[in-house]
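See below for the structure under consideration.
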Amino acid sequence: MVIIMLGAPGAGKGTQAERICAGYSLPHISTGDIFRANIKGGTELGKEAKSYMDRGELVPDELTVRILKDRVSQDDCASGYVLDGFPRTIPQAEALEAMLKEQGVSADHAIDVEVPDENIVRRMGGRRSCQNCGAIYHVEYAKPAKEGICDKCGGTLVIRDDDKDETVRNRLKVYHEQTQPLIDFYKGRGILKEVDGTQDPDKVFEDIRAILG
Ligand code: ADP
Ligand code: ADP
Ligand code: ZN
């Protein structure tokens, strides 16, 4: 099963992707996490990606598609995966579609987690991420058991460089211009499913479970 998570930055794609992956035993493929791991590791890819990410811009399609294909060609992705943060542009969606077609399959669901812009800015200010495993927390809405420490691995929780207010606003602008058109793209493919992302995370997941069956 191939599941695509759509939604604005901060809508809760990653939070829900973690739950889907745990519940349905699928790998969680986050292009943002792959870029951040490369930044941390000081790779060339990381250096290039960082220059875009720090400005709240998208990393160029060619580079992003290349790393995505590389990741999903690994063995753990053989029976499906959850895409979190990819595709983000029409050319990326077309590249994904062509790749899946070559394998004789197509994406099963594109789940759009809907949250208005006003809520987003508030959410992003409180987001904390585990420096070690990437798990997602929020200072009010998804607190770890011990402040600043990851429940899952004991890693340190940090504020992402691109979660500053001005960068968040630019990311939202980029979302509306380049990523939102994917909603119509997947509507056209007949696989778009919409969920109300302003609800409590448990309720959002319940709605997603009802979609996935
Ligand atoms: P969010 O959790 O806010 O949706 P991500 O972790 O998915 O953010 O992405 C962080 C940043 O990484 C993006 O703002 C963008 O610069 C870059 N990025 C991630 N995925 C993509 C993609 N599919 N195409 C282009 N850039 C991407
Ligand atoms: P995305 O991957 O779409 O950028 P995240 O899953 O990282 O979004 O969520 C952004 C922030 O909002 C995180 O701090 C997360 O803990 C919090 N969050 C996620 N879902 C909800 C929700 N339904 N209600 C309140 N806060 C949420
Ligand atoms: Zn962790």
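Bear in mind the structure is a predicted one, so any value in this text is a computation, not a measurement. Here, residue 1 is the first one in the sequence, and each next residue gets the next number.
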Hydrophobic cluster identity match, [X] and [Y], side-chain contacts under 4.5 Å:
{"X": "I211", "Y": "F205", "answer": "yes"}
{"X": "V2", "Y": "L182", "answer": "yes"}
{"X": "I20", "Y": "M1", "answer": "yes"}
{"X": "M5", "Y": "I183", "answer": "no"}
{"X": "L192", "Y": "V195", "answer": "no"}

Looking only at heavy atoms, which two atoms of [X] and [Y] are closest? And how far apart?
{"X": "T198", "Y": "P116", "result": "CG2-CD, 3.6 Å"}
{"X": "P9", "Y": "R171", "result": "CB-NH2, 3.8 Å"}
{"X": "I29", "Y": "C77", "result": "CD1-SG, 3.8 Å"}
{"X": "Y24", "Y": "G213", "result": "OH-O, 3.3 Å"}
{"X": "S106", "Y": "L100", "result": "C-CD1, 4.1 Å"}
{"X": "V204", "Y": "G197", "result": "CG2-CA, 4.1 Å"}

Distance-only, no hydrogens or angles: does the [X] side chain make a donor-acceptor pair with backbone N or O of [Y] under 3.5 Å?
{"X": "D151", "Y": "A145", "value": "yes"}
{"X": "R122", "Y": "N119", "value": "no"}
{"X": "K173", "Y": "V168", "value": "no"}
{"X": "D84", "Y": "A17", "value": "no"}
{"X": "H109", "Y": "I4", "value": "no"}
{"X": "Q92", "Y": "R88", "value": "yes"}
{"X": "R127", "Y": "D163", "value": "no"}
{"X": "Q16", "Y": "P201", "value": "yes"}
{"X": "K13", "Y": "G7", "value": "yes"}

For D33 and H28: C-alpha separation, side-chain torsions, deciding distance, then whether side chain to side chain donor-acceptor pair (under 3.5 Å) applies. CA-CA 10 Å; D33 284 351; H28 179 182; 5.0 Å; no
Does NZ or CZ of R189 fall inside the cone over F185's six-membered ring, less than 6.0 Å from its centre and within 45° of the axis? yes
Kindly confirm or rule out a cation-pi arrangement of R55 over Y52, judged by NZ or CZ under 6.0 Å from the six-membered ring centre and within 45° of its axis? yes
Heavy atoms of other groups near E62 CD, more than 12 under 6.0 Å: no
So among L83, L26, I208, which one has a side chain to side chain contact (heavy atoms under 4.5 Å, CB included) with I3? L26
If the condition is side chain to side chain contact (heavy atoms under 4.5 Å, CB included), which residues does D184 pass it with, not counting sequence neighbours? K187
Check the pair Y137 / C150 against side chain to side chain contact (heavy atoms under 4.5 Å, CB included), numbers first and verdict last. CA-CA 8 Å; Y137 298 88; C150 178; 3.2 Å; yes
Calculate, to the nearest 0.5 Å, the distance between atoms [atom1] and [atom2] belonging to [X] and [Y] respectively.
{"X": "C153", "Y": "N132", "atom1": "SG", "atom2": "CG", "result": "4.0 Å"}
{"X": "K143", "Y": "E140", "atom1": "NZ", "atom2": "CD", "result": "7.5 Å"}
{"X": "L58", "Y": "T64", "atom1": "CG", "atom2": "OG1", "result": "7.5 Å"}
{"X": "Y81", "Y": "D76", "atom1": "OH", "atom2": "CG", "result": "11.0 Å"}
{"X": "D61", "Y": "E94", "atom1": "CG", "atom2": "CD", "result": "10.0 Å"}
{"X": "I90", "Y": "T179", "atom1": "CD1", "atom2": "OG1", "result": "9.5 Å"}

Exactly one of E177, H176, Q178 clears side chain to side chain donor-acceptor pair (under 3.5 Å) with Q180, and that residue is H176
Side-chain ion pair, R160 and D54, N-O less than 4.0 Å: no
Decide, yes or no, whether a salt bridge links R169 with D165 under the criterion of side-chain N to carboxylate O below 4.0 Å. yes
Side chains of T167 and D162: donor-acceptor distance under 3.5 Å anywhere? no
I'd like to know whether I34 forms a side chain to side chain contact (heavy atoms under 4.5 Å, CB included) with L68, so could you lay out the CA-CA distance, the side-chain angles of the two residues, the decisive distance to 0.1 Å, and finally the verdict. CA-CA 9 Å; I34 297 173; L68 188 275; 5.8 Å; no
After noting the C-alpha distance and the side-chain angles of K50 and D161, does the key distance pass the salt bridge (charged side-chain N to carboxylate O under 4.0 Å, His left out) rule? CA-CA 10 Å; K50 186 170 167 46; D161 283 344; 3.5 Å; yes
With the side chain counted from C-beta on, respond yes when K47 and E44 share a heavy-atom pair under 4.5 Å apart, and no when they do not. yes
Is any side-chain heavy atom of R66 closer than 4.5 Å to a side-chain heavy atom of L63? yes
For a side chain to side chain contact (heavy atoms under 4.5 Å, CB included) check, start with the C-alpha distance between F35 and I67, then their side-chain angles and the critical distance, and finish with the verdict. CA-CA 9 Å; F35 291 139; I67 65 130; 3.7 Å; yes
Yes or no on side chain to side chain contact (heavy atoms under 4.5 Å, CB included) for V65 and F86, after CA distance, side-chain angles and deciding distance? CA-CA 9 Å; V65 168; F86 184 97; 4.2 Å; yes
Residue pairs fulfilling salt bridge (charged side-chain N to carboxylate O under 4.0 Å, His left out) with at least one residue in residues 195-213, sequence neighbours excluded: R19-D202, K203-D207
